[in-house]
Student: 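Quick one: the structure is below, and I'll ask about it shortly.
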Amino acid sequence: MTHLWVRAEQRANEERVGLTPEGAAELLKAGLRVTVEESSVRAIPIDGYRAAGCEIAPENSWPEAPGDAIIFGLKELPEDGTPLSHRHIMFGHAYKGQPAGQVLLRRFKAGGGTLYDLEYLVDESGRRVAAFGYWAGFAGAAVALRCWAAQQEGGLCGPVGPHPSAEHLKADLEEALSQTGRPRPDAIVIGAKGRVGSGAADLCDAMGVAVSGWDMEETAHGGPFPEILDHDIFLNCILARPGTPVFVPATAKTAPRRLSVIGDIACDPDSDFSPIKVYDRTTTWGAPALRVHDSPPLDVTAIDNLPSMLPVESSQDYAAQLLPSLLALGDLEAGVWGRAKAEFDRHSGEV
């Protein structure tokens with residue numbers, strides 16, 4: 001019997017989960033065994049999983065799970081260097097040259113485990129079967145607008161946190177923008193036709209922010225892209241990969257520009273292929289803005305768990321997308337799981 005073990009998230013500010021109680025009930029009905037760890041932070045309460053018939057385990061007990069259990073979480077594991085012997089489903093951030101990713105792959109190699117990276121669960125055409133993209137774009141655009149509002153007051157954006165709903169987030173942001181007394185900024189969104197870009201554009205539209213929506217057609221020539229510097233805000237919604245052009249070179253800091261806020265929603269500064277060359281590290285909920293130039297100001301916000309700002313809605317959306325693949329866990333050699341395993345084998349063989 002296939003055993004799925006849903007672990008508690010151990011990363012700060014992470015309240016999401018990739019399986020809802022309703023989805024767990026579907027897995028149980030299909031004959032899977034489902035264990036869900038208790039969690040002190042998960043946005044969806046444990047009672048729903050218990051009522052669905054799941055087994056309940058103590059928080060963070062996954063290292064002691066049966067050897068045949070498939071451990072399912074979203075964000076990174078604690079970086080304690082221990083060998084990983086289980087099969088893990090999670091976002092590994094390990095295949096684009098990231099230093100921490102190389103360490104993770106060596107842990108799997110040492111323990112004999114396997115990573116099924118959620119970013120690489122793709123269908124036959126290469127399209128991801130599930131993504132948090134829309135809510136990442138929505139929340140990322142909101143943080144970028146908060147950075148802009150703080151600049152109008154002569155400051156740097158303060159801490160951000162989770163919201164109980166998208167409506168609550170919009171009302172809170174509307175108040176912050178109105179308090180500046182300034183006309184709304186404009187924004188350019190690159191990757192506007194994708195899930196991330198559509199979320200970013202929808203948030204901007206809701207806030208009365210004019211959007212220039214760019215996608216592959218506008219960036220196919222490879223740059224440079226002076227139009228980016230002629231907007232108040234740039235929202236990058238393109239994942240870093242080989243061949244991605246540079247959208248913001250290091251020289252942009254001192255170039256003539258209107259641009260004052262970059263929201264790197266794709267958020268991969270450690271990648272060799274990052275299209276934004278004015279910063280080198282992610283930002284946090286406690287310090288969401290990184291000032292990379294003072295006069296005129298240029299702030300970068302690059303938070304790598306943006307959907308957690310809307311943990312209930314983003315969890316429900318993602319879990320619904322992922323459920324058909326979880327129902328296919330009985331055959332890990334085929335379909336999305338077989339393709340994810342091939343990616344792991346290829347990259348783990350290089351460390």
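These figures come from a predicted structure and were not determined experimentally.
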Student: I'd like to know whether CD of E64 has more than 12 heavy-atom contacts from other residues, nucleotides or ligands below 6.0 angstrom.
Tutor: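 Yes, CD of E64 has more than 12 neighbouring heavy atoms, counting only those of other groups under 6.0 Å.
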Student: What distance separates L322 CG from L118 CG, expressed to the nearest 0.5 Å?
Tutor: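 Result: 6.5 Å between the selected atoms.
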Student: Working to the nearest 0.5 angstrom, can you tell me the gap between L77 CG and F108 CZ?
Tutor: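 Here the interatomic distance stands at 6.5 Å.
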Student: Looking at E333, I want to see if its CD is surrounded by more than 12 non-hydrogen atoms of other residues, nucleotides or ligands under 6.0 Å.
Tutor: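 Open.
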Student: Please identify which of these residues, I262, I190, I188, meets the side chain to side chain contact (heavy atoms under 4.5 Å, CB included) condition with F247.
Tutor: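 It is I190, the one option of I262, I190, I188 that forms the side chain to side chain contact (heavy atoms under 4.5 Å, CB included) with F247.
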Student: Determine whether T20 and Q316 satisfy the following criterion, side-chain hydrogen bond (donor to acceptor under 3.5 Å, both in side chains), listing intermediate values before the conclusion.
Tutor: CA-CA 7 Å; T20 63; Q316 291 171 338; over 6 Å; no
Student: Is the NZ or CZ atom of R16 both under 6.0 Å from the centre of the six-membered ring of F132 and within 45° of that ring's axis?
Tutor: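 Yes, R16 and F132 form such a contact.
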Student: How about CZ on R291, more than 12 heavy atoms from neighbouring residues, nucleotides or ligands closer than 6.0 Å, or not?
Tutor: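 Correct, the count exceeds 12.
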Student: Assess whether side-chain hydrogen bond (donor to acceptor under 3.5 Å, both in side chains) is satisfied between D299 and W148, documenting all intermediate values.
Tutor: CA-CA 8 Å; D299 294 339; W148 178 87; over 6 Å; no
Student: Classify the angle between the aromatic ring planes of H347 and Y95 as parallel (below 30°), tilted (30 to 60°) or perpendicular (above 60°).
Tutor: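 The rings of H347 and Y95 lie parallel, inter-plane angle below 30°.
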Student: Nearest 0.5 Å, please: how far is CD in E343 from CG in L121?
Tutor: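 One gets 10.5 Å once the value is rounded to the nearest 0.5 Å.
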Student: How many angstroms lie between atom NE2 of H86 and atom OG1 of T114, to the nearest 0.5 angstrom?
Tutor: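 If I round to the nearest 0.5 Å, the distance is 11.5 Å.
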Student: Which pair of non-hydrogen atoms, one from A24 and one from Y49, has the smallest distance, and what is that distance?
Tutor: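 For A24 and Y49, the tightest heavy-atom pair comes out as CB-CD2, 4.3 Å.
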Student: Could you tell me how the ring of F91 sits relative to the ring of Y318: parallel (under 30°), tilted (30 to 60°) or perpendicular (over 60°)?
Tutor: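 Correct class here is tilted.
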Student: Does R33 form a salt bridge (charged side-chain N to carboxylate O under 4.0 Å, His left out) with E55? I'd like the steps, not just the answer.
Tutor: CA-CA 8 Å; R33 180 183 175 188; E55 300 173 48; 2.7 Å; yes
Student: How far apart are the C-alpha atoms of E227 and H231, what are their side-chain angles, what is the distance that settles it, and do they pass the side-chain hydrogen bond (donor to acceptor under 3.5 Å, both in side chains) test?
Tutor: CA-CA 7 Å; E227 298 91 339; H231 289 77; over 6 Å; no
Student: Would you compute the distance between atom CZ of F138 and atom OG of S198 and round it to the nearest 0.5 angstrom?
Tutor: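 Interatomic distance, F138 CZ to S198 OG, rounded to 0.5 Å: 11.0 Å.
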Student: Would R184 and E174 count as a salt bridge (charged side-chain N to carboxylate O under 4.0 Å, His left out) if you check the C-alpha gap in whole Å, the side-chain angles of each, and the deciding distance to 0.1 Å?
Tutor: CA-CA 11 Å; R184 296 296 157 96; E174 175 66 37; 2.9 Å; yes
Student: Quick one, L115 and S348 - any side-chain contact, counting heavy atoms below 4.5 Å?
Tutor: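 Result no, sub-4.5 Å side-chain heavy-atom pair not found.
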Student: For G101, is there any backbone N or O sitting under 3.5 Å from a side-chain donor or acceptor partner on R106?
Tutor: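 The answer is no, because no donor-acceptor pair under 3.5 Å joins these two groups.
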Student: Please determine whether salt bridge (charged side-chain N to carboxylate O under 4.0 Å, His left out) holds for the pair R339 and D117, giving the CA-CA distance in whole Å, both sets of side-chain angles, and the decisive distance to 0.1 Å.
Tutor: CA-CA 10 Å; R339 287 185 282 272; D117 196 312; over 6 Å; no
Student: Please determine which of Y116, F72, W62 meets the ring-ring contact (aromatic ring centres under 6.0 Å, His included) test together with H88.
Tutor: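 Testing each of Y116, F72, W62 against H88, the sole residue satisfying ring-ring contact (aromatic ring centres under 6.0 Å, His included) is W62.
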Student: P162 and side chain to side chain contact (heavy atoms under 4.5 Å, CB included): which single residue from E15, M309, H168, E14 fits?
Tutor: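 Only match with P162 under side chain to side chain contact (heavy atoms under 4.5 Å, CB included): E15.
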Student: For P269, does its backbone N or O pair with a side-chain atom of S274 as donor and acceptor, under 3.5 Å?
Tutor: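 Absent.
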